[in-house]
Amino acid sequence: MASTACFMIVSKNDIPIYEAEVGTVPKKEDAAHQHQFILHAALDIVQDTAWNTSAMFLKSIDRFNDLVVSVYVTAGHILSFVMSD
């Protein structure tokens, strides 16, 4: 089974600081844009959820097809997104 993962760090001002894609699936041109779209959609959910919980790891906050988005929230509200299948 082929697997892929996307990792993104976003500042508290919603500015992407770092982005990396790893996996065994051949890269398609639109795959990077699709991952960015999914992660930015999840960002809206995280902004609402992060203020209502003391948890630093938000597991499965969003899903798109077979991709699952999870987030680590630091004390300084730097977000580390992990999207994997």
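Computed from a predicted structure; not experimentally measured.
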Rounding to 0.5 Å, atoms CD (Q47) and CG (D14) come to a distance of 4.5 Å
OH (Y72) and CE (M56) are apart, to the nearest 0.5 Å, by 10.5 Å
d(T53 OG1, D48 CG) to nearest 0.5 Å is 13.0 Å
D44 meets the side chain to side chain donor-acceptor pair (under 3.5 Å) criterion, sequence neighbours left out, with none
Scanning both residues in full, the closest heavy-atom pair of D62 with I38 reads OD2-O, 4.2 Å
Quiz item: What's the verdict on side-chain contact (heavy atoms from CB on, under 4.5 Å) for L39 and C6, showing C-alpha distance, side-chain angles and the deciding distance?
Solution: CA-CA 9 Å; L39 291 173; C6 181; 3.8 Å; yes
TODO: Tell me, with the steps shown, if V82 and V69 meet side-chain contact (heavy atoms from CB on, under 4.5 Å).
DONE: CA-CA 6 Å; V82 178; V69 180; over 6 Å; no
task = Under the side-chain contact (heavy atoms from CB on, under 4.5 Å) rule, what do F7 and Y18 come out as? Steps first, then yes or no, please.
result = CA-CA 8 Å; F7 177 73; Y18 179 79; 3.8 Å; yes
Interatomic distance, OG1@T49 vs CD1@I61, rounded to 0.5 Å, equals 6.5 Å
CD1 (I17) and CD1 (I9) are apart, to the nearest 0.5 Å, by 6.5 Å
Nearest heavy-atom approach of S60 to V68 is OG-CG1, 3.5 Å
In the structure I gave you, are the side-chain heavy atoms of V46 and F81 within less than 4.5 Å of one another anywhere? yes
